[in-house]
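Remember, it's 1-based here, ligands and their atoms both numbered in the order they're listed.
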Amino acid sequence: MGRVEGKVVFITGAARGQGRAHALRLAEEGADIIGIDICEDISTNAYPMGSREELDETVRMVEKLDRRMIVSTADVRDRAAVKAALDAGVAELGRLDAVVANAGICPLGTTGGEAFVDALQVDYAGVMNAVEAALPHLEDGASIVATGSLAALLPGTVDAPGSGSGGLGYSLAKRFIASFVNDLAYVLAPQKIRVNAVHPTNVNTMLLNNDQMYGIFRPDIESPSRDDALVAFPAMQAMPIPFVEPEDIAAMVLFLVSDESRYVTGMQMRVDAGGYVKSRPQQPTF
Ligand SMILES: NC(=O)c1ccc[n+]([C@@H]2O[C@H](COP(=O)([O-])OP(=O)(O)OC[C@H]3O[C@@H](n4cnc5c(N)ncnc54)[C@H](O)[C@@H]3O)[C@@H](O)[C@H]2O)c1
């Protein structure tokens, strides 16, 4: 028996990166997957989004694990499209046990309101839309997981002036997620539905590996390369590593989706190689 045998999990942003890693890890442990991805670029976000080919490749990889995956192209900002995609997946797979609201953008180096609003719409409203679409299908024992960021917990990461308006929108969206899971966990506890956030540090995906992010980590260099940024990436963590891998986040997501965490709710689960404690935020004195 796998750790999530027979469960059906809805994952947003499933074409690549962490979303794909979640789909594969959960499938390895016996889950079937419903996945969506935008599969087109967002103009304020400088690096490309996942493609339909990548989404289809995720399906092939899940099917190789002998599990089923139903996918649609849908933008998490589009409430009706998210609901239609999820309802179609549930009609096909028969049930829904968990939501992993993972899709996100990080439009850095921008000015003006559009990037700020886009970040909030995708990174926060998109989470709300996924949860709203899922709620009618969820029953006793279900699990909701939202992907936050260390940026939710530490001031001065992507809400610093150099990150621009999109960085501030990203930070605000992730802070909202932290509050949202806290309060929704309380609201849904009587139904035994759990709600938790996963807060990653740097993860080795496109969101980290792009020119805008290199510029944030190496403001001292004009047009820094990945090699230039690699020297600076470890500054985020207490452990001497540049980033964690998507599979490290998937391990936490698997735990939160599984019944092993049946009484874990309202938690801010950091997978950050000590990034939070390194910043010495205010702690109880012990
Ligand atoms: N990579 C990091 O360093 C890092 C750190 C902290 C938090 N996060 C968070 O992790 C999550 C996953 O990001 P990732 O690292 O896998 O990056 P990624 O860019 O590789 O993957 C994000 C996926 O989400 C999809 N997506 C984006 N906007 C969408 C929309 N409007 N509708 C549907 N799909 C959409 C993209 O097409 C892409 O496939 C995000 O919420 C991100 O904010 C990432």
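Ligand 1 is surrounded by Gly13, Ala15, Arg16, Gly17, Gln18, Asp37, Ile38, Tyr47, Met49, Gly50, Ala74, Asp75, Val76, Asn102, Ala103, Gly104, Ile105, Val122, Thr147, Gly148, Ser149, Tyr170, Lys174, Pro200, Thr201, Asn202, Val203, Thr205, Met206, Leu207, Leu208, each with at least one heavy atom closer than 4.0 Å.
Checked options Ile144, Val99, Asp140; the residue passing with Ile193 is Ile144 (criterion: side chain to side chain contact (heavy atoms under 4.5 Å, CB included)). Shown are Arg68, Lys7, Arg95; of these, the salt bridge (Lys or Arg N to Asp or Glu O under 4.0 Å) with Asp32 is made only by Arg68.
The two atoms that bring Asp37 and Ala15 nearest to each other are OD2-N, 3.1 Å, heavy atoms only.
At a cut-off of 3.5 Å, with distance as the only test, no side-chain donor of Ser179 or Asn182 sits close to an acceptor on the other residue.
Using a cut-off of 4.0 Å between Lys/Arg side-chain N and Asp/Glu carboxylate O, Arg60 and Glu63 are scored as not salt-bridged.
By the 30° and 60° cut-offs, the orientation of the rings of Tyr124 relative to Phe180 is perpendicular.
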